[in-house]
Amino acid sequence: MFGKLTLDAFTHSSLIIVFANVIMVGTGLLVIGLLTYFRKWGYLYREWFTTVDHKKIGVMYIFIALIFLLRGFIDAAMVRAQQATAGPGMEGYLEAHHFAELFTGHGTMMIFFMAMPFIVGLMNIAIPLQIGARDVSYPLLNAISLWLTAAAGALVMISLLIGQFSEAGWSGYTPFSGLDHSPSVGVDYWIWALQISGISTTLTGVNFLVTILKKRAPGMSFMRMPMFTWTSLCTTILIVLSFPALTVALALLALDRSAGTHFFTGTMGGDQMMYINMFWVWGHPEVYILVLPVFGVFSEVVTTYCNKRLFGYKSMVWATMAIAFLSFTVWVHHFFTMGQDPLRNAAFGIATMVIAIPTGVKIYDWIWTMFRGRIEFKLPMLWTLGFIITFTMGGMSGVLLAIPGADYKMHNSLFLVAHFHNVLIPGTMFGLLAGFYYWFPKAFGFKLDEKWGRHSFFGWLVGFYVAFVPLYMLGMMGMPRRMASYENPVWHFWLVIAAIGALIVAYGIFAMFMQIYVSYRDREKNRDLSGDPWGGRTLEWSIASPPPEYNFAIIPEVHDRDAFMYMKVHNTAYQRPERYEDIHMPKSTPIAIVIAGLAFVFGFAYVWHIWWLAGLCLLGVIGAVIARSFNPEPEYVIPAEEVERTENAFHDKVAQDGALERMKHIESFGDERSAYAATPEPSTTGTQSEKPL
């Protein structure tokens, strides 16, 4: 009746795992107890759990991402501590199988359950507002995507308590992930966590692709879209085209493990290399799925805090599309050592070098945007500057690895680990934290604390260099990745330095959570009354913070890619219509939680071969979708009178904040502030002001 699930699944030989389970279960019970004591369950159910509001969904995505940032970093710190204490004559403190679980869990959680939800969270918060839309195209599908991500993350978490997680690495290469080499349920947990998460991401990609194509405000042509929207558009195309490859690869691997098929087993006609090809056909576009939206964040940050239009907007757009296209042409560089002929290796090596060109175009565009700009060194600009310097170093090491001969030497060494993190930490994490600070007041109505944010920035930046530059050295010395112990005494010093770097990063993470706490504590002092705390240029800054459920009382008409700045310069911002109209919005519904809960139980049942339960859950999902289709009233109406009251209250705050008065003086900033001022500001240095960019 319970398949392979027995009481042995709840027992663990490692005291570290037992202690971690106590902490996890204890924290969960504490949260449940506090919510019950303060009677918050009703509020959470009505306002958050059942919502289809894209802004609240974005906040919940980021909440999930922060949980997995903490969990994924703990795994990484334990790996660094093990290698620092497992040198010659030392055994370390982890068993080999637990060490393998940690590096598998770290990679899986940081990519699928930290970076992806964080990116989708920022997209949810910003994109409908940037394009002048009241919601995404499919609000219910958006909620289902969120809760499927939560269900997949819950599968990863429960593997710590019941059974174990995969030891086959985050990429799950066969034959390591096959039944012969990994007979335990760890790989099955990994498969179904990724499968459910992948379905969630695919649905998100379809949703935002349609939203950007079909929901843009009147006048917003493609060449008037903000850069974050542009990069997100290319990202959604990558998601829709690449994630099905991962879905199929995981489905075939699941059949190999549970149904006795031989797609990847190396026997009975199976082909292990087919899995690796299918994985990286998804996996390399995934790198740019993680990076491209962040490039958009940096573009928004640079233009806002340099008080200039983006230099080379069209070149930035074409570079983004070129990266999206080329990302599908380079997957073979992940296995240059697997036995391809020299011609094929050379072709993919050249393609890998070529993709660095549009990336370099973006960096030059950001630098030229800063040139002669009135730069405000707010926290997002610090993240941007740290990114440009650090990411460039990672890109150069990537060009080195694009040479098949050099890759043959460096492949599967710590040099590759250093390069990968050198691209993704500044290229993704720095941008996510810049976007988090930048759009936080729009989502919550108050700004984040700058002081603790700077502590976090320097903790991440310094910690990164101390933690990963030694790995470049170790890779050059020939140290393989994923080693639980080693005998070379020369390596030990560098691994201790890397562990110290992890401690510095830990301070950066601690400072980030302190920043959130202090900001919430002092929220009344940092209220955003006008909805435009940074002097923004795009439409999201033209409405209240946090925005009303309907976003825009009147859908704006767009005349320029810096739509809100155009309104400010032409004195049309904050204008009220002659009259307001009723607004139709989608109703909240619990159906998304029901579907995600059934998906979680289905995944758990499949892992433990409880087939009857898996079948019931599958039928339950189908039944829930059918039942939803019979809902006669999926929307409700916000009366025009309520809209008018809300808008009047917002305009009173705008006047109180002095935004209208400040708007009158925008032209005095000249071309550095906008491209619309007719007369350049007189120079105080004897040089002529630059022309509009």
Side-chain angles (χ1 to χ4, degrees), residues 27 31 34 58-74 76-77 110 114-115 117-119 121-122 125-126 294 297-298 300-302 304-305 375-390 424-468 500-529 531-536 541 545-546:
T27 302
V31 170
L34 289 173
V59 170
M60 288 188 282
Y61 264 118
I62 293 175
F63 180 76
I64 292 171
L66 292 177
I67 291 174
F68 278 97
L69 171 63
L70 195 58
R71 169 72 197 278
F73 175 76
I74 289 171
M110 293 302 254
M114 190 286 295
F118 215 135
I119 287 168
L122 293 180
I125 291 170
V294 172
V297 172
F298 289 129
E300 302 295 335
V301 165
V302 168
T304 298
Y305 295 106
I375 302 177
E376 301 173 43
F377 288 101
K378 297 286 189 181
L379 187 58
M381 271 305 296
L382 295 182
W383 286 115
T384 302
L385 294 171
F387 151 77
I388 289 175
I389 297 168
T390 311
L424 283 190
I425 289 181
T428 299
M429 197 66 227
F430 285 16
L432 292 176
L433 293 177
F436 181 63
Y437 182 94
Y438 183 65
W439 281 303
F440 189 92
K442 182 53 59 181
F444 292 98
F446 61 92
K447 292 184 285 188
L448 283 171
D449 182 76
E450 183 87 13
K451 174 185 172 183
W452 278 106
R454 289 173 181 266
H455 280 250
S456 179
F457 166 72
F458 286 108
W460 273 99
L461 185 67
V462 176
F464 167 82
Y465 281 101
V466 178
F468 289 101
I500 293 172
L503 289 176
I504 300 173
V505 173
Y507 176 75
I509 295 175
F510 164 77
M512 183 184 68
F513 283 100
M514 279 297 297
Q515 178 191 31
I516 296 171
Y517 164 72
V518 170
S519 303
Y520 179 76
R521 183 194 66 192
D522 300 335
R523 61 192 180 279
E524 293 304 326
K525 293 193 305 183
N526 298 312
R527 283 287 176 195
D528 173 22
L529 298 178
D532 182 26
W534 315 125
W541 306 111
S545 298

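Between the CE atom of Met110 and the CG atom of Leu424 there is a distance of 10.0 Å, given to the nearest 0.5 Å. Atom CD1 of residue Ile375 and atom OH of residue Tyr305 lie 13.5 Å apart, to the nearest 0.5 angstrom. To the nearest 0.5 Å, atom CE of residue Met114 and atom CD1 of residue Ile119 are 8.0 Å apart.
Across every non-hydrogen atom of Pro117 and Ala65, the tightest pair is CB-CB, 4.1 Å. Across all non-hydrogen atoms, the minimal contact from Thr304 to Gly535 is CG2-O, 4.3 Å. Taking both residues in full, the closest heavy atoms of Met381 and Glu376 are given as CG-O, 3.4 Å, listed atom of the first, atom of the second, then distance. Shortest non-hydrogen contact noted between Pro533 and Lys447 is CB-CD, 4.0 Å. The minimum heavy-atom distance between Phe73 and Ala502, with the atom names listed, is CZ-O, 3.1 Å. Contact between Val294 and Thr428 at its shortest, heavy atoms only, is CG2-O, 3.8 Å.
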**Item:** Full working for side chain to side chain contact (heavy atoms under 4.5 Å, CB included) between Leu122 and Tyr438
**Value:** CA-CA 10 Å; Leu122 293 180; Tyr438 183 65; over 6 Å; no

**Request:** Report the C-alpha separation of Met514 and Asp449 in whole Å, then their side-chain angles, then the decisive distance to 0.1 Å, and conclude whether the side chain to side chain contact (heavy atoms under 4.5 Å, CB included) test is met.
**Result:** CA-CA 9 Å; Met514 279 297 297; Asp449 182 76; over 6 Å; no

**Message:** For Leu379 and Gln515: C-alpha separation, side-chain torsions, deciding distance, then whether side chain to side chain contact (heavy atoms under 4.5 Å, CB included) applies.
**Reply:** CA-CA 12 Å; Leu379 187 58; Gln515 178 191 31; 3.7 Å; yes

**Prompt:** side chain to side chain contact (heavy atoms under 4.5 Å, CB included) between Ile516 and Leu66: does it pass, once the steps are laid out?
**Reply:** CA-CA 11 Å; Ile516 296 171; Leu66 292 177; 4.1 Å; yes

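Between Phe444 and Arg523, every side-chain heavy-atom pair lies at or beyond the 4.5 Å cut-off. Using a 4.5 Å heavy-atom cutoff, the side chains of Phe68 and Phe118 are not in contact. Ile504 has its side chain out of reach of Phe458: every pair of non-hydrogen atoms, C-beta onward, lies at least 4.5 Å apart. Within the 4.5 Å cutoff, side-chain heavy atoms of Phe513 are placed close to those of Ile509. Residues Trp383 and Val301 have side chains not in contact (no heavy-atom distance under 4.5 Å, counting atoms from C-beta outward). Here the side chains of Thr390 and Phe464 are in contact, with some heavy-atom distance below 4.5 Å. Within the 4.5 Å cutoff, side-chain heavy atoms of Ile425 are placed close to those of Phe430. Inter-residue side-chain proximity for Phe457 and Leu433 is flagged as unmet; no heavy-atom pair is nearer than 4.5 Å.
Of the candidates Ile67, Leu69, Ile125, Ile125 is the only one forming a side chain to side chain contact (heavy atoms under 4.5 Å, CB included) with Ile62.
Around the OH atom of Tyr465, the shell of radius 6.0 Å holds more than 12 heavy atoms that belong to other residues, nucleotides or ligands.
Among residue pairs with one or both ends in residues 452-462, those qualifying as side-chain hydrogen bond (donor to acceptor under 3.5 Å, both in side chains) are Glu450-Arg454, His455-Tyr507; sequence neighbours excluded.
Ring planes of Phe387 and Phe298: parallel class, angle under 30° (limits at 30 and 60°).
You'll find the ring centres of Phe440 and Phe446 inside the 6.0 Å limit.
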